[in-house]
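Worksheet for the structure shown next.
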Amino acid sequence: MENKKFYITTPIYYPSGDPHIGHCYTTVACDSIARYKRMQGYDVMFLTGTDEHGQKIEEKAKERGITPQAYVDGIVEIFKKLWSYMNISYDRYIRTTDDYHVEAVQKIFKDLYDKGYIYKGKYTGKYCTPCESFWTESQLDENGCCPECHRPVVEAEEEAYFFKMAPFAERIEKLLLETDYLRPKYRAQELVNNFIKPGLEDLCVSRTSFKWGIPVTFDEKHVVYVWIDALSNYITALGYDNGTYDDFDKFWPADVHMVAKDIMRFHAIIWPAMLMALDLPLPKHLAVHGWITFQSKTGEAQKMSKSLGNVVDPFMLGERYGVDAIRYHILREMALGADSAFSNEIMINRINSDLANGFGNLVSRTVAMADKYFSGTLPEEREEGEFDASLKEIVLSLRDRVDACIDETRLKNALEDIFTAVDRANKYIDETEPWKLGKDETKKARLASVLYNLLEAVRVISTLLSPFMPTTMPKVWEQIGAAADEATYENAGKFGVLPANVTVHKGEILFPRIDMEKEIDELNAIIEKNMAEAKSKLSDAEKGSEFTPSALEEEISIDDFGKCDLRVALVKSCEKVKKSKKLLCLQLDDGFGGRQVVSGIAEWYKPEDLIGKKVIIVANLKPAKLCGVESQGMICAADTPDGAASVIFPDQSLPCGSKIR
Ligand code: MSP
C-alpha cells in the first residue's frame, strides 16, 4: 500500500453568519473526492473547519452582547450540523480557536521572525474612525469611502509586522507557470501579471487595532492578522508544531486544496511563500472553482447575501428533494474555474431529467421487469445478442474515465461521463425491447441476458456514483441484489460480477419526479418571505453595510436642481400597455388638469397596486413616446438591491401639484 495516501482540504469558513449552499459546494466536492479515494483504497485525510478570529467576529459578538468565543461556538455548531446533514465525511475538523492551533501559529510566527522573513514596520492605510478599521484602497466603496458604513476615511498609520514576499517571487512564478499546481491553469498568467510582475508586496501579518486574534508572543499588543493564522491550519491540523496530532509526516504535502476564486491569490501566492519560508514541501494541487450565484427572477446573477434574502438554505432544499439530489445538482452544475447560477428551475429540471427520468427510471424499469418476467430471480440460461457489446464497452471503460476526472478535480465531467452510461443503458432498453421478449416463451434466455446486462450496468454506475450520492446508492444495491462485496471499486472495472441467478428486490422510488410549476410557486413564496424577514431582522447599519449604492452623479448647483420640477400627483387610473411586459400607463391628477405618464414598472406593480395612491412625478420632462404611447413625465422610484424598482409614495394628505424641493 506504498504511496496510497491522500490529503484534501476545504477552506476554513468564517463563522460570521449561517452557512449556505455556496459553502456547501467546496465541502461536498471535497467529500465526494475523499469518498472516491477511500473507495480506491487510499488512506484519506479530509480536513475542514472554521476560521474564527478577526475584527468582524469581534464586532458581531459585541453587537449581540456576548463574547467572541460564545458567538463562534454557536455558529460552528450550525456548520457541523449542516455537514452531518449533508453527509460530509470529514476526518478532522479544525477550529482556529483550538489551543493546539493557537500554540502552533505562535511558533510559526516566531520562527518566521527569527528567520528574518517577518519584520516590524508601519502599516499605512485608509482608516475609518467611527468603525475603527483600516482598509486597503481596493476595499473602499465606489466613492472611496468605508465599505462598512460608507463614511469618509482618512490616511492613517499603525505599527504592524510584515511578511517579506520578494525572496519567493521567482519560485512562485515558476510554480504557477511551469507546474500543474494551479487548476485551472489558465488563471496562472493572470496572477503572475497582476501580482508578481509589478513586484510582490509584503504582507501585513499583525494588527493592534483589535484583540480577537492570536497574540504575537514576543509583542503582546499585536495579534496575528488573518492569513498566517488561517493558512497554517492545513499543517497545524496534522500536528505541525504541536503535540495534539502526529500525522504531518504521513500526509504532508497535501494532494488537493480546494477553494473559490476570491481566495485563490492567498493560496496560489502567499501560502507557497509561507511554506518556502518554513522550508516545507509545497502542496500538489490548488483547485479553484467559481461562485454559486443566485439567479434572480429578472435573470441576473447575484451574489448570495443576507440582506438580499437570496441565500439558499441547504436544509430547506434537502428536506424537499433529499440530500443526495442536492449534492448531485451542485456538483453537476459547477465546472472548475467558472461561476454557476443557482436557480430553482435549473435545479428541478436537473433532478427530474437526470435523477428521476434518467437513473431512477433505469433502476426501477430494470428491477420491475426482472420481477415481472422472472418473479425477481433471473434464470441461468443466456443468449447474447445485438447491442450487448456496445453497452458492455461503455460500462467497462467508465471507471478509468471517472478516475481521470477525479484525479484532475473535474467532478462535473465525472458526473457527465457517468450519465452518458446511464443514457446508454436506457437506450439499450429501447433497442432490445424486453417487453416484447417477455411475451415470447422462446426468448426467455435472451430476456434474461438483457436484464442481467442492465443489472450489471446499474451495479457499475451506482458504485461509481456512491461517493457523490452516498445515501441512495446502498438502496440501489439492495434493489438490484448486489451484496456489499460486489459493489466495490475493484468490481466497478469488471462485467459479470452479479451471480447469474441474481434476485432483485423491488423498492421505493429513488428520486420522485417533482411537479415543476407547483414547486416553483412554493419556492418563490419561501424566498419572498425570507427576503422580507431578512430585511426586517437586519439593523439599519447592517442594511447599509451589505448594500453598495451606485456612484453619485456629477455635482450640480441648486439652480440646476431648480430646473427639475417634481410634483405630487394622484393615480386615477392605470392599465398595462398592450404589447409590452414592462410598461404601465397611468392617468394622473397633477393639480393642473391631469396628464398621462408611462412607466416601466409593470414587472413589480399591478395597476390595482397603484390606483388611488399619491406618487412623485418629474413634471417638466419633455414628452416622449414609449411603445407608441405618449408619456408626459416620469414616476420617481428607487432602485432596490435586487434590481427592481420601488415607487416612492409621498404622504397621501399632500395635495396634487405640491412641489418637491
Ligand atoms: N476564512 C477564509 C478562508 C481561509 S482558508 C485558509 C474565507 N472564509 S469564507 O467563509 O468567507 O469563505 C470560504 C469559502 O467559501 C471561500 O472559498 C468562498 O469563496 C466560498 N464561498 C462563499 N460563498 C460562496 C458561493 N456563493 N459560491 C461558492 N463558494 C462560496 O474566505
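Order of listing sets the numbers, starting from 1, for every ligand and every atom in it.
Contact annotation for Ile263 and ligand 1: only side-chain heavy atoms (C-beta onward) come within less than 4.0 Å of the ligand. When non-hydrogen atoms are compared, ligand 1 lies under 4.0 Å from neither the backbone nor the side chain of Lys261. Here Tyr25 has no heavy atoms under 4.0 Å from ligand 1, in either its backbone or its side chain.
In terms of protein heavy atoms, atom 3 (C) of ligand 1 is closest to Ile12 O, 3.2 Å. Nearest protein heavy-atom neighbour of atom 27 (N) of ligand 1: Ile292 N, 2.8 Å. The single protein non-hydrogen atom nearest to atom 29 (N) of ligand 1 is Gly22 O, 3.5 Å, given as residue, atom name and distance. The protein atom (non-hydrogen) at minimum distance from atom 19 (O) of ligand 1 is Asp262 OD1, 2.4 Å. Protein heavy atom in closest approach to atom 8 (N) of ligand 1: Tyr14 CD1, 3.3 Å. Annotation: atom 13 (C) of ligand 1 to nearest protein heavy atom, Tyr13 CD2, 3.4 Å.
Across Ile78, Asp313, Thr50, a single residue satisfies side chain to side chain contact (heavy atoms under 4.5 Å, CB included) together with Pro19, and that is Ile78. The ring pair (Phe, Tyr, Trp, His ring centres under 6.0 Å) with Tyr161 is formed by just one residue from the set Tyr123, Phe218, Tyr225; it is Phe218. A side chain to side chain contact (heavy atoms under 4.5 Å, CB included) with Phe342 holds for exactly one of Glu333, Met347, Met334; it is Met347.
Taking distance alone, with nitrogen or oxygen atoms compared against 3.5 Å, Met334 stays at or beyond that limit from ligand 1. Not one N or O of Trp227 is nearer than 3.5 Å to an N or O of ligand 1, by distance alone. Where the criterion is an N or O separation shorter than 3.5 Å, residue side chain and backbone included, Ala260 meets it with respect to ligand 1.
Heavy atoms of Ser16 come nearer than 4.0 angstrom to ligand 1 in no pair at all.
A salt bridge does not link Asp417 to Arg410: none of the charged side-chain nitrogens sits closer than 4.0 Å to a carboxylate oxygen. Between Lys80 and Glu77 there is no salt bridge, since no side-chain N of the basic residue sits under 4.0 Å from a carboxylate O of the acidic one. Between Lys107 and Glu103 there is a salt bridge, since at least one side-chain N of the basic residue sits less than 4.0 Å from a carboxylate O of the acidic one.
Near Gly290, meaning under 4.0 Å from one of its heavy atoms, ligand 1 places the atoms 28 (C). Listed by number with element, the atoms of ligand 1 under 4.0 angstrom from any heavy atom of His267 are 5 (S), 6 (C). Ligand 1 places these atoms under 4.0 Å from at least one heavy atom of Asp51: 1 (N), 2 (C), 4 (C).
Residues satisfying the side chain to side chain donor-acceptor pair (under 3.5 Å) test with Glu522, not counting sequence neighbours, are Arg320.
Geometrically, Lys250 does not engage Tyr7 in a cation-pi contact, judged by NZ or CZ lying under 6.0 Å from the ring centre and within 45° of the ring axis.
Taking all heavy atoms of Trp271, Tyr234, Phe266 into account, the minimum distance to atom 6 (C) of ligand 1 is reached by Tyr234.
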